[in-house]
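In what follows, a single structure is set out as structure tokens and then discussed.
None of the values given here were measured: they were computed from a predicted structure. Quick note: numbers below take in every heavy atom, side chains included, and nothing from hydrogens, waters or symmetry partners. Numbers for residues simply follow the sequence, beginning at 1.
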Amino acid sequence: MMKDIGPVVSRHGLENHGIVKAGTVHWNYSSAALYEEALRRGEGTASVDGALVTVTGRHTGRAPDDKFTVEEDSVRDSIDWGDVNRPMAPEKFEGLRQKMLDYLEGRQLFVQDCHAGADPEHRLGIRVVTEHAWHNLFARNMFIQPDAGELREFIPDFTVIQAPGFLATPEEDGTNSETVITVSFENKLVLIGGSGYAGEIKKSIFGVLNYMLPPRGVLPMHCSANVGPDGDVAIFFGLSGTGKTTLSADASRTLIGDDEHGWGPGGVFNFEGGCYAKCIKLSKEGEPQIWNAIRFGSVLENLILDDSRAPDYDDGSITENTRVTYPVDFIPGAVIPSVGGHPRNVIFLTADAFGVLPPVSRLSPEQASYYFINGYTSKLAGTEAGVTEPQPNFSPGFGGPFLPRQPGAYARMLADRVSKHGADVWLLNTGWTG
Ligand code: OXD
Ligand code: MN
């Protein structure tokens, strides 16, 4: 029998998503309660500093080949179909949804209602329904918490149902494997099955924002952002592993966010309420802010602990893509709410593993568009399945895997904003130079 418990249960219940036969549904649990549940259910262990330590299972990075967008009439003409945006027939989606609902029958579920977007004018209400407590804690860390008063009346604009234990059947479902991440804009629903990599939750919503915000006058960006003592905002575009998180966590500037932002009429704002930092080779001296954020409330993925329960950050035996998630306010002085003015500096980070690009170049407007569309970097090991050594990679907008629309649409918006607000654009090589 379905039973709703938790500090605040939304009036807009799970039956609105077709979930009518789950077991106990845990609504909007606090970090402490999710932590306790995760430990009790054997989903993880506690580190010496009180972080929750989890393993993501077979998938330790995103699975781009398993990502689909439902080919619905209302979106067909505005999606850039191909290897990034693989079409799924609406009937296949419907079939998967039914199977997912059957899978959830009788199971305990965790629901977190949150916002994506720190700017109230442009935010989206996101409901994340997960099979495990720890993924719910991830969602709570990564998105923005509504006020307690808003939760009761919360109606999501978009919902993610994430069940790593649910496996697709490729022959029936038209998927590439048992793993599936599929978004339906008409149903306002993301289904994630077969992967416990928590990053799929945040990135599926990033993809949704990348689709929905441009027509509303907001440029979605795969970038970090921080602000200097005199209020100058800098944004750092870059693919995973190029230094976004590290460079934005700069003790002489305050952090706005580490990975996903919008640039709207009023300036930049974080889509997220948390950070998802890489941990491989993390050191206290190198990245003190991130180091200190690894404590109770944070979630470590795929780290190995020593006998004293201290994480071994040099151990990449599960994956090179070891991660930690924590709320942005774990970084001292982070800007809350995470909004800033128009950027004065726009920095493209490129980790050139081949030593071709100079350390730093100032770009003309034409060069800026060229490098933005090209999005050159080297893909480093770990974040995507199957990448074990550096590969040259061209990723439009420094975030190709997350762009549902044609890259030119984003590039034009960037060029307009850069020229309107007189920002300087730089190309910074964070890889090898020589
Ligand atoms: C990420 C990514 O994990 O960009 O943030 O892949
Ligand atoms: Mn990212």
Side-chain angles (χ1 to χ4, degrees), residues 43 54-70 83-86 88 93 96-97 100 103-104 109-112 114 116 124 126-143 158-168 173 175-185 188-211 220 222 239-241 258-260 271-272 274-278 299-302 318-319 321-325 382-387 395 399-404:
E43 296 175 9
T54 61
V55 287
T56 61
R58 192 159 54 98
H59 288 281
T60 55
R62 286 182 293 103
D65 295 346
D66 296 310
K67 215 190 95 189
F68 295 86
T69 304
V70 184
D83 285 349
V84 167
N85 301 295
R86 294 160 194 270
M88 173 177 277
F93 180 81
L96 272 166
R97 186 201 348 220
M100 177 79 100
Y103 174 82
L104 299 180
L109 297 177
F110 296 85
V111 182
Q112 204 64 225
C114 32
L124 234 54
I126 305 293
R127 172 165 291 172
V128 185
V129 182
T130 64
E131 180 181 2
H132 301 305
W134 86 261
H135 288 107
N136 220 247
L137 179 53
F138 172 92
R140 186 175 173 90
N141 280 348
M142 288 311 299
F143 295 110
F158 234 93
T159 297
V160 179
I161 303 178
Q162 185 257 17
F166 169 78
L167 302 178
D173 302 320
T175 55
N176 283 332
S177 75
E178 291 180 329
T179 302
V180 62
I181 300 109
T182 181
V183 52
S184 161
F185 284 98
K188 300 183 185 344
L189 181 62
V190 176
L191 302 176
I192 301 176
S195 174
Y197 181 63
E200 300 285 11
I201 299 173
K202 81 169 209 127
K203 284 305 190 200
S204 60
I205 290 302
F206 186 45
V208 166
L209 293 165
N210 272 292
Y211 183 74
H222 191 217
L239 281 174
S240 176
D258 80 333
D259 195 48
E260 305 172 4
F271 288 162
E272 303 182 287
C275 301
Y276 192 36
K278 282 184 175 263
V299 182
L300 287 164
E301 291 175 25
N302 297 320
I318 300 182
T319 173
N321 191 30
T322 50
R323 296 275 184 147
V324 60
T325 173
T383 306
E384 280 182 18
V387 178
S395 186
F402 320 117
L403 302 184

For residues [X] and [Y], report the shortest heavy-atom separation together with the two atoms involved.
X      : Y      : answer
His59  : Gly194 : CD2-O, 3.3 Å
Lys278 : Ser240 : CE-OG, 3.3 Å
Phe143 : Ala116 : CD2-CB, 4.2 Å
Asp258 : Ala277 : OD2-N, 4.5 Å
Arg86  : Asp65  : NH2-OD1, 3.2 Å
Ser395 : Gly400 : OG-N, 2.8 Å

Considering only heavy atoms from C-beta outward, does the side chain of [X] approach that of [Y] to under 4.5 Å?
X      : Y      : value
Leu104 : Ile161 : yes
Ile205 : Glu260 : no
Thr69  : Pro404 : no
Thr182 : Val70  : yes
Thr56  : Glu200 : no
Phe206 : His222 : yes
Arg58  : Thr179 : yes
Gln162 : Phe138 : no

Quick one: pull up [atom1] in [X] and [atom2] in [Y] and give me the separation to the nearest 0.5 Å.
X      : Y      : atom1 : atom2 : answer
Asn176 : Phe68  : CG    : CZ    : 4.5 Å
Arg62  : Lys203 : CZ    : NZ    : 6.5 Å
Leu209 : Glu272 : CG    : CD    : 9.5 Å
Leu189 : Phe93  : CG    : CZ    : 4.0 Å
Leu124 : Lys188 : CG    : NZ    : 9.0 Å
Ser204 : Ile181 : OG    : CD1   : 8.0 Å

Could you tell me whether a side-chain N or O of [X] sits under 3.5 Å from a main-chain N or O of [Y], the two making a donor and an acceptor?
X      : Y      : value
Asn210 : Phe402 : yes
Glu43  : Trp134 : yes
Asn85  : Leu403 : yes
Lys67  : Pro401 : yes

Taking salt bridge (Lys or Arg N to Asp or Glu O under 4.0 Å) as the definition, give me every residue that meets it alongside Arg127, ordered by chain and number, with sequence neighbours left out.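 Applying salt bridge (Lys or Arg N to Asp or Glu O under 4.0 Å) to Arg127 gives Asp113.
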On the 0 to 90° scale, with breaks at 30° and 60°, tag the Tyr197-Tyr276 ring pair as parallel, tilted or perpendicular.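 If you compare the ring of Tyr197 with that of Tyr276, the planes turn out tilted.
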For the residue pair Tyr211 and Phe185, categorise the inter-ring angle as parallel (less than 30°), tilted (30 to 60°) or perpendicular (more than 60°).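 Plane angle between 30° and 60°, so tilted.
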Indicate whether the side chain of Asn321 and that of Thr60 have a donor and an acceptor atom separated by less than 3.5 Å.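 No, because no side-chain N or O of Asn321 sits under 3.5 Å from a partner of the opposite role on Thr60.
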Determine, step by step, whether Val180 and Leu191 satisfy the side-chain contact (heavy atoms from CB on, under 4.5 Å) criterion, reporting the C-alpha distance in whole Å, the side-chain angles of both residues, the deciding distance to 0.1 Å, and the verdict. CA-CA 7 Å; Val180 62; Leu191 302 176; 5.8 Å; no
Is there a side-chain contact (heavy atoms from CB on, under 4.5 Å) between Phe166 and Glu131 once you walk through the steps? CA-CA 10 Å; Phe166 169 78; Glu131 180 181 2; 5.9 Å; no
Check ring-ring contact (aromatic ring centres under 6.0 Å, His included) between His132 and all other residues, then give those that pass, not counting sequence neighbours.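 If we apply the ring-ring contact (aromatic ring centres under 6.0 Å, His included) test to His132, skipping adjacent residues, the hits are His135.
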Apply the test side-chain contact (heavy atoms from CB on, under 4.5 Å) to residues Val55 and Asn302: give CA-CA distance (whole Å), side-chain angles for both, the deciding distance (0.1 Å), then the verdict. CA-CA 5 Å; Val55 287; Asn302 297 320; 3.7 Å; yes
Would you please test Phe271 and Asp259 for side-chain contact (heavy atoms from CB on, under 4.5 Å) and show each step? CA-CA 9 Å; Phe271 288 162; Asp259 195 48; over 6 Å; no
